[in-house]
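This report refers to the structure that appears directly beneath it.
Computed from a prediction, not measured in an experiment: that's the story for all the values here.
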Number of protein chains: 2
Amino acid sequence: MTATPLPTIDDVAVAAGVSRQTVSNVLNAPDIVREATRQKVRDAIDALGYRPHASARRLRTQTSSTIGIRLGSLSRGGVSGAVLDRFLHALTERADSRGMRIMLFTAADEAAEIEQYRRLRDGADVDALVVTGTAYGDARLDWLADNGVPFVAFGRPWGSADLDDPRRPWVDVDGADGVRQATVHLAGRGLRRIGYLGWPDGSGTGDDRRSGWVAAMRELFGDDGAADADLEALTIRTEEGVAPARVELERLLAGGTELEALVCSSDSLALGAMMAVREAGHPKFPVIGFDNTPVAGAVGLSSVDQQLDQVALAVLDLLMGEHGRRVLNPDEIEGARHRLVTPKLIVRRSSHLAPVDEAGSTASGTNE
Amino acid sequence: MTATPLPTIDDVAVAAGVSRQTVSNVLNAPDIVREATRQKVRDAIDALGYRPHASARRLRTQTSSTIGIRLGSLSRGGVSGAVLDRFLHALTERADSRGMRIMLFTAADEAAEIEQYRRLRDGADVDALVVTGTAYGDARLDWLADNGVPFVAFGRPWGSADLDDPRRPWVDVDGADGVRQATVHLAGRGLRRIGYLGWPDGSGTGDDRRSGWVAAMRELFGDDGAADADLEALTIRTEEGVAPARVELERLLAGGTELEALVCSSDSLALGAMMAVREAGHPKFPVIGFDNTPVAGAVGLSSVDQQLDQVALAVLDLLMGEHGRRVLNPDEIEGARHRLVTPKLIVRRSSHLAPVDEAGSTASGTNE
DNA sequence: GCGAATTGTTTGAACGATCAAATCCGCGGT
DNA sequence: ACCGCGGATTTGATCGTTCAAACAATTCGC
């Protein structure tokens, strides 16, 4: 009843009447072995149910076919935590189709994360790492670049002097464009006083998103309606989270406002805002979020989708080349070392929490 | 500029003036090496920055210190998909503290999943697997049990004749108890006609949850108020999802109902119900969900939390023993081969979407 | 038809660790 | 002194694979 030992490459070799190496070649370089032999070996492989032992191969090739990614701590959950989770799904699927696997790890802080990088690298556990949640002057990217560990950041390395630095490859979502799409969409419905609800200045992502709104407003209404002062008046800043957004909007509504619609830098903020305006008796006040989290779908909130599948695809392209099946060394690279993915506005029309349609009609407008 | 080769155990041995094996012992069985030698070796390890090569160790020990888990396809996302994601977080953290890593994989269907199991097992990629989303007569569990692959299911193997079958270890959340807690909580606020909104009969999880409500109603109101017929009348069944729940409740409300509160088998259903009753002008109608997803927190929906961290802990206990640091063979086990985790009701009091407090007071009631 | 190039296959060595058995060492007992 | 004993340390073998070089079998050019 004890498990039978798994067949090794030698068992296959004997069964097929060839040598070890020939079996190995059938698996790794089929084109250099003669057709007849190849078939003979394949039959033996099938007959024995042979599978190469991954660890042995890794030891020999010094490669793991594995990509590591940190799964942040539970605490940081929140509504937006879902973005990382969905990225993870997409990455796992895309990686699988390239013969790669995803390994998770955790770390309490930046230092611990770098320590994990070191362990994973030294133990040859991973061929490359995916870094998320990049911040100004990210020490993790420096460490990885300095130590020659292949990686790609999801999120621009904002602090870096040169975004084109080939040593710091990245993929990011064009937040500015997403917010621009949302703004243009609202303007297309005849709205003019479109506000922006975002985070305090200083976060790369936040500033980028707001810039899309600023650009759209200028483009749409020119300098008369969208002078700096006007835009500043239409901007609301608050910390991330449903509650902060709601409190902030309640205060604003209490004081009276001319706002006609709101574009937000996250679904959390959008949801908080929606709850506040709804409470204040404006059932049709349009709000658009960012991230297209499940929550948005559930409550019918229009939102900008990050196209995480495209992001995952781009990450792998950067790590492995267009069609490669192994991670490339930093010096084997060619072409651009970064990719900006264009997000997509998802328009929803739930009439209960955020009806964005004009006067009861269910007419025109994109929908998914 | 090319990466310096990593130090091996031999380098350390030379530096410390001892043999390979002694270095190995310092790492794996420190107690059998003399104190003085141990320190000498430790110093050498630090000086060289040595880390054991994981693949080499795995090849020799035929062990991978890795647990595999399937990450379902993107499509099945929805609000409840978040449960798996949060479990994954918890599992990763708990596993890390036991020296284990989590490896992800995907599979389109059950057959493909079993094929992946085979690949992972044969390649010695994983020591054990965690199976989620168990269904009646789950072929995956049969395969794993038959092939002697260590695993634990998250979710009871409902179809199995014998839930105590030691060959099919499982961990699950006591859904019945969770729903019971929710029901008792509502009754404690003076409500009597507490309805149940759940899925169609036939799903193990769904039937289990409803049974908790049935038990609580009987216990609370005896046979007079909670005869089978009464309970049936208070039960609403619909497919999973926000929209189905909402439609169903709208229909119910249109026809008039005596319902005073609602306990639901998922947050999605609860959210749909909440939207419907709110729309119908019952801002204080209490609703309680299940799963405690981020959405629930965001909209202030009371919900039953699955205590996924406890689930993760139990999974590892079952796989590795109480304090072990390696996965045990199915025959090394002792004690119960399953664990039922008691969930915890999280009471929220957002007054906007589901105010459950009595007449404006913010008084008694547990909160987290 | 013979050496040279070409193609296909085999052989020894290595990857970096752990296991199992052998060796070394100090010490107490007769 | 000698033997035996037990703990500390070392030595040889091994895990399953791929690399690099050697070897065998064809084909090619003239």
Side-chain angles (χ1 to χ4, degrees), chain A residues 3-42 44-45 48-65 119 121-125 127 325-326, chain B residues 3-42 44-45 48-65 99 119-125 127 325-326:
Chain A
T4 35
L6 296 168
T8 73
I9 198 170
D10 280 307
D11 298 329
V12 177
V14 170
V18 299
S19 73
R20 260 176 300 149
Q21 187 61 37
T22 300
V23 179
S24 174
N25 287 337
V26 169
L27 262 40
N28 303 310
D31 42 318
I32 73 167
V33 44
R34 206 172 26 166
E35 169 58 25
T37 324
R38 202 189 308 158
Q39 199 48 54
K40 214 167 39 175
V41 172
R42 288 229 163 96
I45 289 179
L48 298 180
Y50 164 78
R51 305 269 173 188
H53 193 286
S55 290
R57 171 179 280 170
R58 286 178 195 154
L59 171 59
R60 185 63 249 227
T61 62
Q62 302 287 18
T63 221
S64 68
S65 297
R119 274 179 30 190
R121 193 272 312 254
D122 292 353
D125 270 315
D127 290 343
R325 291 186 67 85
R326 72 181 176 82
Chain B
T4 35
L6 296 169
T8 75
I9 199 171
D10 281 307
D11 297 331
V12 177
V14 170
V18 299
S19 74
R20 256 175 306 147
Q21 187 61 37
T22 300
V23 178
S24 174
N25 287 336
V26 169
L27 261 42
N28 301 311
D31 42 318
I32 73 167
V33 44
R34 202 167 33 152
E35 168 59 25
T37 321
R38 201 187 310 158
Q39 199 49 54
K40 213 165 41 173
V41 171
R42 290 228 162 96
I45 289 179
L48 298 181
Y50 166 75
R51 306 270 172 187
H53 192 286
S55 291
R57 170 180 284 168
R58 285 176 194 157
L59 171 58
R60 184 65 245 234
T61 62
Q62 301 289 16
T63 219
S64 69
S65 297
R119 275 180 28 189
L120 292 168
R121 194 270 312 256
D122 292 353
D125 269 318
D127 291 341
R325 290 186 66 85
R326 75 185 173 81

For a quick test of reading the model, state the closest non-hydrogen atom pair linking [X] to [Y] and the distance between them.
{"X": "Leu48(A)", "Y": "Ala15(A)", "result": "CD1-CB, 4.1 Å"}
{"X": "Arg38(A)", "Y": "Pro30(A)", "result": "NE-O, 3.3 Å"}
{"X": "Val18(B)", "Y": "Thr37(B)", "result": "CG1-CG2, 3.9 Å"}
{"X": "Thr8(B)", "Y": "Tyr50(B)", "result": "C-CE1, 3.5 Å"}
{"X": "Asp127(B)", "Y": "Ser64(B)", "result": "OD1-N, 2.7 Å"}
{"X": "Ser55(B)", "Y": "Arg58(A)", "result": "OG-CB, 3.3 Å"}

Strand-adjacent residues in residues 22-38 of chain A, judged by heavy atoms under 4.0 Å from DNA chain D: Ser24(A), Asn28(A)
Close approaches to DNA chain D from residues 10-17 of chain B, in residue order (heavy atom, under 4.0 Å): none
Does any part of the side chain of [Y], heavy atoms only, come nearer than 4.5 Å to the side chain of [X], both counted from C-beta?
{"X": "Val41(B)", "Y": "Val33(B)", "result": "no"}
{"X": "Ile9(A)", "Y": "Leu27(A)", "result": "no"}
{"X": "Arg51(A)", "Y": "Leu6(A)", "result": "no"}

First of Ala56(B) and Val18(B) reached from the 5' end of DNA chain D, by closest nucleotide: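 Nearer the 5' end of the strand: Val18(B).
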Check: dT14(D) base within 3.5 Å donor-acceptor of Arg60(B) side chain: yes
Atom pair distance, as rounded to whole Å: CD in Gln21(A) and P in dT17(D):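 After rounding, the gap between these two atoms is 12 Å.
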Arg20(A) CZ - dA20(D) C1' separation (whole Å): 13 Å
Range on DNA chain C touched by chain B, heavy atoms, distance below 4.0 Å: dG16(C) to dA20(C)
Trace of the side-chain contact (heavy atoms from CB on, under 4.5 Å) decision for Arg57(A) with Arg60(A): CA-CA 5 Å; Arg57(A) 171 179 280 170; Arg60(A) 185 63 249 227; 5.9 Å; no
